[in-house]
S.K.: 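The structure that follows is given in the form of structure tokens.
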4 protein chains.
Amino acid sequence: MTDKKENIIQAALELFASEGYNAVATSKIAKVAGVSEGLIFRHFENKKGLLDAIMQDAEIRISQVFAPILFELDPQKVIQKTLELPFSIEQKEYNFWKLQYKLKWEPEYHNPRKMKPVLDKLEWAFAELGYQNPPLEAELVIYILDSIAIAILREGLQSQLKFKSFLVSKYNS
Amino acid sequence: MTDKKENIIQAALELFASEGYNAVATSKIAKVAGVSEGLIFRHFENKKGLLDAIMQDAEIRISQVFAPILFELDPQKVIQKTLELPFSIEQKEYNFWKLQYKLKWEPEYHNPRKMKPVLDKLEWAFAELGYQNPPLEAELVIYILDSIAIAILREGLQSQLKFKSFLVSKYNS
Amino acid sequence: MTDKKENIIQAALELFASEGYNAVATSKIAKVAGVSEGLIFRHFENKKGLLDAIMQDAEIRISQVFAPILFELDPQKVIQKTLELPFSIEQKEYNFWKLQYKLKWEPEYHNPRKMKPVLDKLEWAFAELGYQNPPLEAELVIYILDSIAIAILREGLQSQLKFKSFLVSKYNS
Amino acid sequence: MTDKKENIIQAALELFASEGYNAVATSKIAKVAGVSEGLIFRHFENKKGLLDAIMQDAEIRISQVFAPILFELDPQKVIQKTLELPFSIEQKEYNFWKLQYKLKWEPEYHNPRKMKPVLDKLEWAFAELGYQNPPLEAELVIYILDSIAIAILREGLQSQLKFKSFLVSKYNS
DNA sequence: TATGAATGAGTATTCATTCAT
DNA sequence: GATGAATGAATACTCATTCAT
């Protein structure tokens, strides 16, 4: 990928995340990316195509984040690693995740499939540990983590750190 | 409030909730409301003023939803009533709540103060019941309920009903 | 004329004079006049009708200003009284005169007929006093006075007072 | 400057001069200029920015008109050349000058500084020729010329030609 | 690949005017 | 006479997109 194309994607990610897809003009993306407006449309079919490209990148990044959990064989550690997920988001990835969460409201971009492997693994872990209702326990953990992730993205990591050990001990049988 | 002003608010609420504030043209609001576009600006200073009016109404509605919890004196019932909140959202209020959750990403409209009374009451309840960390328990419940509410708004009540008894029994000491 | 109608005319005169006819919204006139916007259109056919009414009033006021000159029999005094005209505009009439001068650019409102009597009288005076080219002398005086009046309206009387005696002595044979 | 940008300026100058800044819609400017309305706002920040661009061009044009007077060394000729100014306005520059005079009523655009050099030169000329009150004589000449220029712009050169020799002989000591 | 001028449909907003009360 | 809600056409301005270079 050329430098400029990458610039466009970075600028768009930043702007879409902070101001929202609709609120960002392609002219602004071009300015922030330091390229001509026309170039956006040479690299991407249209504005939506640019968003799609960003979201496609996402799938890969997300699966990389999940990999260590999926390869984990100790059920207790599966749960612990999952619980630690939101606390390990790097600052430079905030925009990326903000956009993911904002777009959850657009049916087109909300595909729960992305979480399915983690959900399954969690379910397996809870089953292994003898929990009564593994599927719901697993889903609940995801819910909790979503809310914490959103809070971190909005208010910063510090504000939520208190939950880290709290949750870990809560799920330590 | 005149009929037409109310029409505008209803149309705007519906459209803002489903398509997002920025994505909705005032001309569309007018058409859906069955009024002239100009009337929107006689009643509200500008498009944002219309959103503000909607969100101001919200504060009242929200406090009405919370009232029964705040007046509850039995700690166990406080928790139970709170847990039941998302499952009792009426269909006709979906738009209203969708908008609330979507706008959480706009700092201007996300004021956690709205939840503070419930949070305090929950904390009190957990303390009464001898939980080790009442503040975090309380906040965690809110997080869970937020996620469930969002899921209900997106996928319907049916998809989440399974959580109702699951949560109630989980918090039944 | 009712109070409110008069209010409208006063407000319109003030606003038209200071901001220009096109730049003033009828809603603003109504607000300044302290009446409903609808009332403007009950009293005047439309916005232009309001301007016309103002300009019709003008004709009368202007002829009153000119009367003392037209009745003067001493040619020297005719000239002197004319020269003193712009210096005797009362502050509260500034808006009125500003509007007159601004509208000179609209052919519809610039009618040189208004000045004709004064011009004729001046011409007669210059002829009486043996000037070589009375018509041009007369017209020149009007030109000078117009420029001075405009300067006074724009910058205040003080800035132009120096011209008063200068002109009087210049035309004192 | 591209062709189209120049077209816009020409169309705007023409329309602003004849109908007034506020009375001209940007859509009309675009139509007369033969460009899309959007282009106006690519080249100029907004409607006022277009006016500003026109008025900036003006400063240059005006100083070019004044140059021959400022370089003149014979005081008598300084006066004569000044007196001839309004009679030498070319027809194709009428719009330009109309706009200058119309905008004199907007404090933002009326800057007397533009005339200062000519005024100073005139004052010097009158002093050289032994006039009693050179500053006022100079200012008076400018006043007369303004009125004549306005009359020419409104009624055509023919109507005012009679003043040319009249004034020249008046100021020929 | 990259630019930047240009477009045309669309956007929020204003405004003169109407009308029921 | 007077109000104020309501309209619809117009206005300044924006934006995604195209295209010649």
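A note on names: the letters A, B, ... follow the listed sequences, proteins ahead of strands, and every chain is numbered from 1.
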S.K.: Side chains of D146(C) and Y101(C): do they bring a donor and an acceptor to under 3.5 Å?
M.R.: yes
S.K.: For the pair K47(A) (side chain) and V24(A) (backbone), establish whether a donor and an acceptor sit closer than 3.5 Å, ignoring hydrogens and angles.
M.R.: yes
S.K.: For the pair made of CG in L50(D) and C1' in dT11(F), what is the distance, rounded to whole Å?
M.R.: 15 Å
S.K.: Just how far, in rounded Å, is P of dG1(F) from CG of D3(C)?
M.R.: 13 Å
S.K.: Rounded to whole Å, how long is the line connecting atom CG of N7(A) with atom C1' of dT3(E)?
M.R.: 15 Å
S.K.: In whole Å, I'd like the distance from the NZ atom of K28(A) to the C1' atom of dA16(F).
M.R.: 16 Å
S.K.: For I29(D) and dT7(E), give me the distance from atom CD1 to atom C1', rounded to whole Å.
M.R.: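 Roughly 18 Å, once rounded to whole Å.
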S.K.: Roughly how far, to the nearest 0.5 Å, is OG1 of T26(A) from CZ of F44(A)?
M.R.: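 Going from the CZ atom of F44(A) to the OG1 atom of T26(A) covers 12.5 Å.
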S.K.: Indicate whether any N or O donor in one side chain lies under 3.5 Å from an N or O acceptor in the other, for Q10(C) and E14(C).
M.R.: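 Checked: Q10(C)/E14(C) side chains show no N/O donor-acceptor pair below 3.5 Å.
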S.K.: Main chain of W105(D), side chain of K98(C): is a donor-acceptor contact present, judged purely on distance under 3.5 Å?
M.R.: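 Flag not set: sc K98(C) to bb W105(D) has no pair under 3.5 Å.
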S.K.: Reading nucleotides 13-21 of chain E 5' to 3', which nucleotides get B (base under 4.0 Å from a protein heavy atom), which S (sugar-phosphate only), which -?
M.R.: BBSBBB---
S.K.: If you check the L39(D) side chain, which of dT7(E), dA2(E), dA2(F) turns out closest?
M.R.: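 Shortest atom-to-atom distance from the side chain points to dT7(E).
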S.K.: Can you check the E6(A) CD to dT1(E) C1' distance for me, whole Å?
M.R.: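 It works out to 16 Å between those atoms.
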S.K.: Quantify the bending of the helix from dA2(E)-dT21(F) to dT21(E)-dA2(F) as the angle between its end axes, each fitted on five pairs, to 10°.
M.R.: 10°
S.K.: Main chain of E59(C), side chain of K114(C): is a donor-acceptor contact present, judged purely on distance under 3.5 Å?
M.R.: no
S.K.: Grab the NE2-P distance between H43(D) and dC13(F) for me, whole Å please.
M.R.: 16 Å
S.K.: Ignoring hydrogens and geometry beyond distance, is a side-chain donor-acceptor pair present between S27(B) and E37(B) at under 3.5 Å?
M.R.: no
S.K.: If you measure from the Lys or Arg side-chain nitrogens to the Asp or Glu carboxylate oxygens, is any gap between K48(C) and E106(C) under 4.0 Å?
M.R.: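 Result for this pair is no, no salt bridge flagged.
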S.K.: Between K102(C) and Y21(C), is there a donor-acceptor pair closer than 3.5 Å when you use the side chain of the first and the backbone of the second?
M.R.: no
S.K.: How long is the line joining CZ of F44(D) and P of dA6(E), in whole Å?
M.R.: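 Whole-Å distance recorded here is 11 Å.
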S.K.: Would you mind classifying the nucleic acid contact of K5(C) as base, sugar-phosphate or nothing, using non-hydrogen atoms under 4.0 angstrom?
M.R.: nothing
